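Single-structure report; data block below.
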Amino acid sequence: MLCLLSSIGCRSLSYKRREIPLVSARQLSLKGVDALDRDRTADAETLFLEALQSCPADERAHWGLAEILWTRGETASAIAHIQEAVRLSGGNPDYRLRLGQMYLDLGDSIRARTQAEAILDQDYSHAKAWALKGDCQRYERRWSEALEAYNRALLSKPDFPDVQISLADIHCQMCRPERALATLDRITDAHPTEESNSRLMLIRGLALADLERKEEAIAALNRAGESLPSGQNRQQLRVATAQYRLGELVGARMTVGRILQHDPFDSDAQKLQSELDLSFRNLVEPPYR
């Protein structure tokens with residue numbers, strides 16, 4: 001009996017010793033999350049690193065470090081950490097969702113969609129997972145399937161401005177500018193602050209351009225180009241292409257400049273810049289007839 005009690009006691013002490021680093025790590029990572037929420041990135045990074053040094057199995061610390069590395073542009077390291085957060089958490093849907101969003105931002109829609117579908121296998125009504133799946137299909141230009149995914153997202157979460165903006169985008173892509181504008185108007189009626197949303201301004205500008213409302217389209221596109229976050233090259237290229245089509249050469253050139261400042265080797269932006277340069281030369285020196 002004494003030997004048995006001694007054995008149980010030793011196992012209990014050993015368990016407690018293993019638990020102490022994990023508890024300490026979780027306390028550190030919670031402080032890191034708080035620092036991250038307060039935009040104290042350097043403090044947050046230190047806390048997350050200390051948490052992982054104390055206990056590498058703290059999934060929250062891996063998530064927090066992934067977010068910091070992602071904003072710094074260290075995408076491969078960020079994905080490695082968020083993958084570890086997914087593994088350690090047993091497939092936490094929030095971590096899976098973030099991993100999928102990172103994949104999609106890098107242009108890997110297949111892996112992104114795999115994460116969305118893994119969440120839906122566990123929770124078929126998960127609105128954000130349907131939204132991510134729709135984003136993947138929209139990226140692949142599979143408009144009908146994307147519409148279905150977005151509508152499923154809205155069934156679970158009817159007030160979902162990001163998804164509603166994406167729906168407007170698809171209507172615009174499918175040459176339904178009136179429906180796109182009607183969708184955008186419904187969003188701004190319910191959420192007036194969304195009027196300054198850069199994606200919303202872009203889609204509004206594209207829809208107005210399709211309706212040949214040139215002045216309104218140029219104003220919306222110029223605002224969209226100025227307000228889109230750095231690195232949104234694909235969206236900026238849509239702005240520049242529409243500006244060029246409308247004859248807004250100065251605005252198009254400024255938008256292309258923003259793309260090339262972020263990525264000097266963007267081939268689509270380089271091609272559009274060459275076309276703009278030719279258009280400007282023809283304005284200054286009309287071709288010989």
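On a predicted model such as this, the values are computed, not experimentally measured, just so you know. Worth knowing before you read on, the calculation uses all heavy atoms, side chains too, and leaves out hydrogens, waters and symmetry mates.
- Minimum heavy-atom separation, N92 to D94: OD1-N, 2.8 Å.
- Side-chain N or O atoms of Q270 include one that pairs as donor or acceptor with a backbone N or O of P264 at under 3.5 Å.
- Nearest heavy atom pair, residue A207 against residue C172, reads N-SG, 3.7 Å.
- E59 and W63 share no donor-acceptor pair across their side chains, judged by distance under 3.5 Å alone.
- The distance from the CG atom of D121 to the NE2 atom of H126 is 12.5 Å, given to the nearest 0.5 Å.
- Between atom CG of residue L228 and atom CG of residue L237 there is a gap of 11.5 Å, rounded to the nearest 0.5 Å.
- Closest approach of L132 to A112, counting heavy atoms only: CD2-O, 3.8 Å.
- Here the closest non-hydrogen pair linking S109 and C136 is O-SG, 3.7 Å.
- In this structure, R204 and E195 have side chains that are in contact, with non-hydrogen atoms separated by less than 4.5 Å.
- V33 places none of its side-chain heavy atoms less than 4.5 Å from the side chain of S29.
- Distance check, rounded to the nearest 0.5 Å: OG1 of T71 to CG of L36 gives 8.0 Å.
- Counting only residues at least two apart or on different chains, the ring pair (Phe, Tyr, Trp, His ring centres under 6.0 Å) pairs with a member in residues 64-86 are H62-H81.
- Between N197 and I187 the shortest side-chain heavy-atom distance does not fall below 4.5 Å.
- Under a cut-off of 6.0 angstrom, the local environment of CZ in R111 is sparse, with at most 12 non-hydrogen atoms contributed by other residues, nucleotides or ligands.
- Residue pairs meeting the side chain to side chain donor-acceptor pair (under 3.5 Å) criterion with at least one partner in residues 32-50, sequence neighbours excluded, are D34-R38, R40-D43, E45-R72.
- With hydrogens and angles disregarded, no donor-acceptor distance shorter than 3.5 Å links the side chain of K133 to the backbone of E117.
- The pair D135-K128 does not count as a salt bridge, with every side-chain nitrogen at least 4.0 angstrom from each carboxylate oxygen.
- Within the 4.5 Å cutoff, no side-chain heavy atoms of E140 are placed close to those of E145.
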Practice task
Using the side-chain contact (heavy atoms from CB on, under 4.5 Å) rule, take E215 and L208 through it: C-alpha gap first, then chi angles, then the decisive distance, then the call.
Solution key: CA-CA 9 Å; E215 291 183 4; L208 290 167; over 6 Å; no

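- Both I203 and L200 are members of a single hydrophobic cluster when ILVMFWY side chains are connected at heavy-atom separations under 4.5 Å.
- Within the 4.5 Å cutoff, the side chain of T255 has heavy atoms near those of the Q243 side chain.
- Here the closest non-hydrogen pair linking A217 and L246 is CB-CD1, 3.9 Å.
- Formation of a donor-acceptor pair under 3.5 Å by the S227 side chain with backbone atoms of S198 is not found in this model.
- Other residues, nucleotides and ligands contribute at most 12 non-hydrogen atoms within 6.0 Å of the CD atom of Q122.
- The line from CD1 of I218 to CZ of R223 is 12.0 Å long, rounded to the nearest 0.5 Å.
- Evaluation of the side-chain hydrogen bond (donor to acceptor under 3.5 Å, both in side chains) rule for Q53 yields no partner, not counting sequence neighbours.
- Side-chain atoms of R213 and L181, non-hydrogen and from C-beta on, do get closer than 4.5 Å to each other.
- Applying the salt bridge (charged side-chain N to carboxylate O under 4.0 Å, His left out) rule to D277 yields the partners R253; only residues at least two apart in sequence or on another chain are considered.
- Under 4.0 Å is where a charged nitrogen must lie from a carboxylate oxygen, and between R234 and D266 no such pair does.
- Put simply, CG on L49 and CD1 on I68 are 8.0 Å apart, with the number rounded to the nearest 0.5 Å.
- T241 places none of its side-chain heavy atoms less than 4.5 Å from the side chain of R245.
- The heavy-atom pair separating S156 from A127 by the smallest distance is CB-CB, 4.0 Å.
- Each of L206 and I170 belongs to its own hydrophobic cluster when Ile, Leu, Val, Met, Phe, Trp and Tyr are linked at side-chain heavy-atom distances under 4.5 angstrom.
- In this structure a side-chain-to-backbone donor-acceptor pair under 3.5 Å is missing from Q236 to V256.
- Both M254 and L276 belong to a common hydrophobic cluster when Ile, Leu, Val, Met, Phe, Trp and Tyr are linked at side-chain heavy-atom distances under 4.5 angstrom.
- The same ILVMFWY cluster, assembled from side-chain heavy atoms under 4.5 Å apart, contains both F280 and I259.
- Q164 pairs by the side-chain hydrogen bond (donor to acceptor under 3.5 Å, both in side chains) definition with nothing, not counting sequence neighbours.
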Exercise for the section: Run the numbers on Q137 and E148 for side-chain contact (heavy atoms from CB on, under 4.5 Å), then give the verdict. Expected result: CA-CA 10 Å; Q137 290 161 336; E148 182 182 351; over 6 Å; no

Problem - Trace of the side-chain contact (heavy atoms from CB on, under 4.5 Å) decision for L167 with L154 - result: CA-CA 10 Å; L167 273 174; L154 292 173; 3.4 Å; yes

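- Counting heavy atoms from C-beta on, the side chains of K157 and V163 never come closer than 4.5 Å.
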Practice task
Dump the intermediate steps for side-chain contact (heavy atoms from CB on, under 4.5 Å) on I79 and L106, then the final yes or no.
Solution key: CA-CA 11 Å; I79 284 180; L106 293 175; 3.4 Å; yes

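- With R238 contributing its side chain and L202 its backbone, the two residues share no donor-acceptor pair below 3.5 Å.
- For the atom pair D162 CG and R199 CZ, the distance stands at 6.0 Å (nearest 0.5 Å).
- Within the structure, the ring pair (Phe, Tyr, Trp, His ring centres under 6.0 Å) test picks out the following pairs touching residues 127-163 (sequence neighbours left out): Y124-W130.
- No path of Ile, Leu, Val, Met, Phe, Trp and Tyr side chains, each step under 4.5 Å between heavy atoms, connects M174 with L184, placing them in separate hydrophobic clusters.
- Looking at Y103 and T114, their side chains never bring a donor and an acceptor atom within 3.5 Å of each other.
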